[in-house]
J.: 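Questions regarding the structure given below will be posed in turn.
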Amino acid sequence: MRYKNQIGTIYGLSSGYFDIRTLSGEKIHSSAKYQDLKVIERAKTLILERRNQRTFLHLKEGGVSCAGL
């Protein structure tokens, strides 16, 4: 994506605004409007991050899973 003469990728989306960052993770803008963005090239690959720590999908309150709520 191009945002005001800077090139980056969409890192996240919140309430219709885009978080734009460089590949190294440097923040370009945290709430860019889609009108201000220009597509340079569409992604052909997916970037994944491998973490050593487990992240549980369901939080437990009082020993009961909240997944069924």
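Positions are given from 1 along the sequence. For clarity, every value in this text was computed on a predicted model and none was experimentally measured.
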J.: Taking all atoms of both residues into account, what is the closest heavy-atom pair of I28 and I7, and its distance?
T.: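 Taking I28 first and I7 second, the nearest heavy atoms are CD1-O, 3.6 Å.
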
J.: What residues, two or more places apart in sequence or in another chain, satisfy side chain to side chain contact (heavy atoms under 4.5 Å, CB included) together with L13?
T.: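 By the side chain to side chain contact (heavy atoms under 4.5 Å, CB included) rule, L13 matches F18.
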
J.: For residues 31-46, tabulate all N or O donor-acceptor pairs below 3.5 Å that involve a side-chain atom, not counting sequence neighbours.
T.:
from: E41; atom 1: OE2; to: K44; atom 2: NZ; distance (Å): 2.9

J.: Per the side-chain hydrogen bond (donor to acceptor under 3.5 Å, both in side chains) rule, what does the pair list look like for residues 13-25, sequence neighbours excluded?
T.: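 Sorted result for residues 13-25: D19-R21, T22-S24.
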
J.: Could you tell me if the side chain of M1 sits less than 4.5 Å from the side chain of T9, heavy atoms only?
T.: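 T9 vs M1: side chains apart.
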
